[in-house]
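Per chain, numbering begins at 1; letters A, B, ... match sequence-line order.
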Amino acid sequence: MVVKIVQIILSPILALVVGVFFLGLARKIIARIHWRHGPPLIQPLIDIIRLFYQKSVSHGRMFDLGIIFSLAGSIVLVLFLPLGRWCPLSSSGGLLVILYIMLIAPLGVALSAGEGANPNISIGISRKFILSLGYEVPLLLVLLAVMTHYKTISIMEVVSVQQSTSWSIISFPLFLSGLSYFLILPAILGIRPFDVSSAPQEISSGPMAEYGGKYLALATIEHAFVLFISIALFVNLFLGGAANPVIFFVKMLVVFVLGLCINAVFPRFRIEQAIKYLWKWPTLLAFVGLIITLAIRS
Amino acid sequence: MDRNQITKWFKAPAKMANKYSLHVIYFCTGCGIIEVPPVITSRWDAERFGVIPVATPRQANLFLITGYVSVKTLRAIIRTYEQMPEPKYTVGFGSCPINGGMYWDSYNTIKHLDKYIPIDGWIAGCMPRPEAIFIAVTHLWTLIDKEMANGYVKYRENYEYYRKNQEKVLGKLEWPPLFPVSDEPRGNVQ
Amino acid sequence: MSLVALLIIAFGGALLTYILGKLSSRIRDSFAVIISLVLLAIIACFYGRSVEKTFYSGFFGLGLVLRLNMLSWFFAIAISALGALSVIFSLSYMKDREHTDFYYLTLLLVNAAMLGIVLAGDLVSFYIFWEVMSWSTFLLISYNRGPALAAGMKYIIMSIIGSLAMLIGMLSLYTTYGTLSISGISAVIASASSGYILFILIIFSIAFGIKNAVMPLHTWLPDSYAEAPSPFTAVLSGMLTRMGIYGFVLIMYVIVGAVSTLNLGPGILKFNYILAWLGAITIVIPTFIAMLQNDAKKLLAWHGIGQGGYMILGIAFGTSLGLAGGIFHTLNHAIYIVLLFMSVGAVQYRTNGERDLNSLGGLIKKMPIAFIGGLLGISGLIGVPLTNGFVSKWLIYKTLIVEGYPFLTFAALIGTWGTILSVYKFLHNMFLGQLPEKYKDVEKSPLSMQLPMIVLSLAILLFGILPGIPLKVINAIGISFGFESLNVTIWGIASETGTLNTINIFSAVLVAGFIVWILFRLGAKSVPVSQQDSYAAGAHTPADKYHYTAEFYNPLYRMIKPFLRDVIDEFYYWIAASVQRLCGGIRHVYTGDVGYYVTYIILFLAILIFVQLKWKPW
Amino acid sequence: MNKSVKEKLESTFKDIQVSILEDSRIAVTVENHGVLVILRFLKDKGFDHLALLSAVDWIEEKEFELCFILTCYMQNDDEYTDSQRLHIILKTRISREEPNLETITGIFPNAEPYEREIHELFGIKFEGHPRLTPLLLERNYEIPPFRKDFDTRKYVKDVFDKIPFVEDKDK
């Protein structure tokens with residue numbers, strides 16, 4: 001029982017550290033792609049400390065509670081994901097609960113920013129939801145393919161089966177689903193070609209327009225958690241989790257750097273182009289993957 | 001550049017964090033904004049010092065007023081400055097905000113910008129070079145260290161006088177005063 | 001206290017309120033509330049008893065039977081609870097309207113009729129109460145005159161078609177088996193040929209499909225929800241439309257029995273597989289149509305249709321988990337859709353009837369309770385963990401995945417994401433964003449409106465965090481149908497293929513929320529600011545023009561709008577128009593003066609004589 | 001080519017002076033009441049693009065001079081007949097005391113902002129103009145700023161220098 005308590009306390013902290021490190025790494029890699037020296041790796045940490053010391057503006061009670069609820073949702077989601085061998089809350093819901101808790105974060109931010117009474121925010125939120133509908137179609141097909149392939153809804157079982165047999169990204173039907181998940185990863189993370197919902201130039205950073213000091217800090221931390229969660233889900237489902245957190249972290253690093261290098265060179269999509277892209281190739285791959293998995297299973 | 005001295009971080013985290021994470025509000029007030037793109041892109045790369053442009057005043061703590069300030073732009077500058085959250089710093093870029101520069105006798109430009117909003121640092125030159133922005137940033141660091149970058153405190157204490165000057169030039173302002181003002185009747189000087 | 005006395009109190013109470021209404025409105029209001037609460041109390045203490053008694057046997061030789069078992073008790077308690085809450089809600093909503101006695105009479109009549117349906121032990125009394133319910137609903141829908149008359153007409157025509165289908169089914173059952181009592185038929189029907197069982201199932205599912213607005217038969221619902229007065233729409237959407245689900249469960253699992261419904265029809269074309277696909281389509285298309293609506297009540301109406309699809313998916317596969325999911329979703333849906341319609345009603349009451357989402361906004365500061373009700377309602381509708389909607393959806397998804405129907409699960413999951421988009425637009429356009437000038441001095445909703453909203457919000461959270469309470473009752477229903485029991489615990493369902501533990505989720509969210517709240521308090525103080533002080537690129541925010549609502553998901557509209565024309569509705573209107581043309585043509589025959597009629601008679605006689613001479617048929 | 005335009009102008013209108021400046025420019029001076037007629041005539045001749053409307057303040061002769069620069073709307077640059085490269089500068093004089101003129105937005109709708117600007121900066125009133133509201137300036141001035149008798153140094157001394165610095169608020 002004590003081990004469980006330690007795991008429950010340790011995994012969100014680990015997720016926060018890894019997430020903030022990934023944010024710093026992202027800015028450094030993008031800078032190096034631009035031939036710039038780029039900020040130090042701990043720059044996001046400095047920004048967060050500064051934001052916590054800066055006063056801010058509040059538009060009402062929902063403006064505060066929404067961002068708190070959304071960050072709490074992200075922290076809880078980390079508890080459901082197996083990090084290496086140990087997974088704190090795996091016994092209470094499995095992939096379906098993960099899928100549904102993933103929608104707490106955008107909903108919380110949308111509710112809190114919505115009260116900011118600013119059209120930039122409303123346009124940003126509507127784009128964020130359209131984008132989430134866009135990448136949700138292939139993501140659901142991918143998760144259903146994994147669930148029907150392993151005939152279970154608990155993620156620990158998926159990881160343990162992969163530990164014994166081969167990684168699911170190599171096995172025949174799930175290779176297509178893995179590829180489709182990798183194609184929609186930037187949309188889930190909200191980075192470069194798909195950062196259409198928080199575009200600083202067009203809609204003055206969308207939902208973040210009215211976020212000042214500590215609100216912006218919580219939003220950055222929440223972005224770090226989303227970064228960690230989406231990549232951890234990919235590693236767990238397709239790269240077979242890991243025996244201990246170190247290997248798990250290395251796998252996540254590889255996936256993140258690979259994804260980032262591909263996507264840092266793209267200009268930002270318009271929202272229609274993003275939806276057309278998301279509903280064309282990734283959905284096709286995921287659909288074919290699901291049909292083959294179904295055929296093999298029955 | 002004492003960013004890596006850990007002891008300073010533990011002694012005064014607020015000051016150190018403010019120094020090494022200056023987010024500039026990307027607001028083109030005058031002809032000087034043409035100097036900012038080379039500063040933030042690969043030629044001079046301000047991000048090395050933690051200076052990045054942000055979209056809204058709510059997220060910013062440094063306001064770079066670049067180039068001449070026309071009477072119409074002053075209204076937007078005051079509005080943006082008041083929307084920035086507290087520890088905020090302003091830097092006048094170029095000679096026009098200092099004393100009107102070459103438009104010293106024009107009817108339509110603001111001569112001494114610090115009559116209307118407090119300015120922490122000045123960069124002389126009729127469009128100074130991008131390195132001058134880094135000089136301003138380092139200058140701001142020393143000011144923050146010595147607790148002298150208190151433009152926002154000055155603004156809060158003498159808000160009444162700043163407001164009066166603003167209304168002398170701009171007439172009636174649409175938005176309510178930022179801090180409570182004892183509103184004795186003031187004729188608007190035309 | 002027998003069932004007959006219960007029904008007498010229900011119907012008598014309705015008539016009595018009408019009479020009292022003549023004396024004074026205050027007495028009528030309080031009497032209506034008392035009657036509803038008394039009914040609720042009586043039904044509550046009927047828990048666990050299963051009674052079957054023929055209360056009147058002289059009805060043309062058929063015994064009218066009243067029956068109470070776990071299923072009927074479950075629906076009865078839901079009906080009376082929601083009926084009481086909507087009566088309390090309509091106290092202040094209908095305060096200054098004309099002929100409110102008629103409104104209270106029909107509202108209590110509808111509640112009483114629904115109780116009758118649920119307690120009916122035989123098909124005749126079932127049909128009688130069904131007709132009473134349909135007619136009083138028609139009267140209530142067309143209460144607001146104007147466009148409501150057309151909506152009422154559309155509703156009553158489709159209900160009559162449904163009732164006729166049910167009548168045909170009953171007649172055929174009576175001719176083959178001689179009895180109409182449910183227990184009698186269910187004992188005998190197993191021996192019937194599968195073709196006959198399929199016929200009975202199809203006939204009854206047409207009637208119940210219309211009432212539950214399954215996809216092809218759904219067109220009456222959006223107009224009637226939008227035009228009926230809000231408190232009645234709450235009852236209409238909460239329980240009345242779910243009589244269809246009660247009917248489906250009755251016909252599929254009580255009368256025909258689970259074993260024969262599940263293997264009806266060859267291979268893939270089983271009855272319940274097609275029904276499941278109908279349910280899946282009913283989830284996806286209405287949810288995306290809901291996204292395009294600009295009228296708050298129409299948006300919720302389309303969601304009412306969409307959620308009906310989840311219930312059909314739940315009960316279609318006849319596993320104990322699926323049945324539990326379907327029935328639990330019926331209760332959850334009843335709770336949060338009533339809450340949402342009450343929230344819309346409260347906003348309507350304060351902004352004198354404003355329903356258009358594009359001209360509302362920023363009401364969170366003026367009507368916080370209505371906002372909280374709306375927020376919890378939509379989180380229940382979406383299925384955010386810690387709300388009741390999540391538990392029932394989890395059950396339904398688990399059945400579909402374990403049974404091996406990934407594409408049905410995909411349709412259901414996409415329905416959820418469609419719900420998120422359209423339901424956030426609903427909440428954002430009404431409560432968030434800029435407050436228009438003309439609603440500056442709107443006050444809070446009155447207490448009699450806040451009370452039901454608070455009760456229902458607590459119910460959503462309670463059933464979301466401790467789902468064991470309702471699931472124990474639902475498990476008992478499943479056992480009464482002969483399914484194996486789920487091991488239900490107070491915090492959820494425990495099973496080896498995946499357990500759901502809501503207490504863990506709740507405590508995790510609580511602790512994480514507390515930590516984040518402390519982190520939030522540690523940061524520097526934040527200054528409250530008005531909506532005028534929003535970022536507008538240095539300009540002053542113009543009043544009434546700084547609110548983005550029209551065409552909220554514009555890029556998505558342009559992509560999916562052509563696919564979402566309601567072709568079925570147009571098809572029905574085309575049929576109606578062609579029938580009208582036909583009758584118009586026939587009407588020309590009767591020109592009104594006698595000369596024509598005499599010539600018609602002579603012509604007819606001539607034809608008869610000619611036929612007789614030519615072919616001698618007689 | 002501009003010779004034929006010159007003859008056409010001189011033949012139809014009597015009290016106008018037409019002089020050919022360098023190769024492709026014609027200066028036409030006319031009385032202020034004849035402006036509308038000539039503009040209509042030139043527009044029908046194909047000079048349908050009012051490139052600029054500007055004013056000059058001849059303070060010694062106490063007159064304002066308004067210049068209308070007309071040209072043909074060039075569809076595509078390469079094949080151009082020399083008549084289409086022609087610029088016509090129409091000049092007219094109005095007295096400085098009561099400076100008002102007919103508006104030409106009837107003929108050239110795009111003149112509306114030009115006239116508003118000239119009204120704001122020179123004080124010339126255009127009768128029949130849809131909205132003569134201020135276009136560029138934030139404050140209002142007794143003497144319009146572009147007039148020669150507007151002393152900008154005195155104005156700056158009166159308005160801007162009188163505003164005290166915040167530091168010496170206690171004086």
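B/Ile40 touches chain A through its backbone: at least one of N, CA, C or O sits under 4.5 Å from a heavy atom, while the side chain does not. Only the backbone of B/Ala60 comes within contact range of chain A, with heavy atoms under 4.5 Å apart. B/Arg3 touches chain A through its side chain: at least one heavy atom from C-beta onward sits under 4.5 Å away, while N, CA, C and O do not. Contacts between B/Asn61 and chain A at a heavy-atom distance below 4.5 Å involve backbone atoms as well as side-chain atoms. Both the backbone and the side chain of A/Ile49 come within contact range of chain B, judged by heavy atoms closer than 4.5 Å. Heavy atoms of A/Gln54 lying under 4.5 Å from chain B belong to its backbone as well as its side chain.
Side-chain atoms of A/Tyr53 and B/Pro87, non-hydrogen and from C-beta on, never get closer than 4.5 Å to each other. The shortest side-chain heavy-atom distance between B/His23 and A/Arg50 falls under the 4.5 Å cut-off. You'll find the side chain of B/Trp9 reaches within 4.5 Å of the side chain of A/Ile46, heavy atoms only.
In this structure, OG on B/Ser21 lies 10.0 Å from CD1 on A/Ile48, to the nearest 0.5 angstrom. The OH atom of B/Tyr20 lies 11.0 Å from the CD atom of A/Gln43; values are rounded to the nearest 0.5 Å. Between the CG atom of A/Leu51 and the CG atom of B/Asn18 there is a distance of 9.5 Å, given to the nearest 0.5 Å. To the nearest 0.5 Å, atoms CG (A/Asn118) and OG1 (B/Thr56) are separated by 9.0 Å.
Between the B/Asp45 side chain and the A/Arg36 main chain, no donor and acceptor come within less than 3.5 Å of each other. Side chain of B/Arg58 to backbone of A/Tyr211: no donor-acceptor contact under 3.5 angstrom is found.
Interface remark: of the candidates A/Glu210, A/His37, A/Gln201, A/Glu210 forms the most heavy-atom pairs closer than 4.5 Å to chain B. With respect to chain A, the highest number of heavy-atom pairs below 4.5 Å among B/Met84, B/Gln83, B/Lys19, B/Glu86 belongs to B/Glu86.
Heavy-atom contacts from other residues, nucleotides or ligands closer than 6.0 Å to OH of B/Tyr68 number 12 or fewer. By the neighbour-count criterion of 12 heavy atoms within 6.0 Å, atom CD1 of B/Ile34 is sparsely surrounded, having that number or fewer from other residues, nucleotides or ligands. No more than 12 heavy atoms of other residues, nucleotides or ligands shown are found within 6.0 angstrom of CZ on A/Phe266. Within 6.0 Å of the CZ atom in B/Arg43, the count of heavy atoms belonging to other residues, nucleotides or ligands does not exceed 12.
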What's the verdict on side chain to side chain contact (heavy atoms under 4.5 Å, CB included) for A/Arg27 and B/Glu47, showing C-alpha distance, side-chain angles and the deciding distance?
CA-CA 10 Å; A/Arg27 276 169 72 167; B/Glu47 204 173 353; 3.0 Å; yes

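Between A/Ser205 and B/Gln59, the side chains place a donor N or O and an acceptor N or O closer than 3.5 Å (distance only, hydrogens not considered).
When every heavy atom of B/Ala55 is checked against every heavy atom of A/Pro200, the shortest pair comes out as CB-O, 3.7 Å. For B/Ser42 against A/Trp35, the heavy-atom pair with the smallest separation is CB-O, 3.8 Å.
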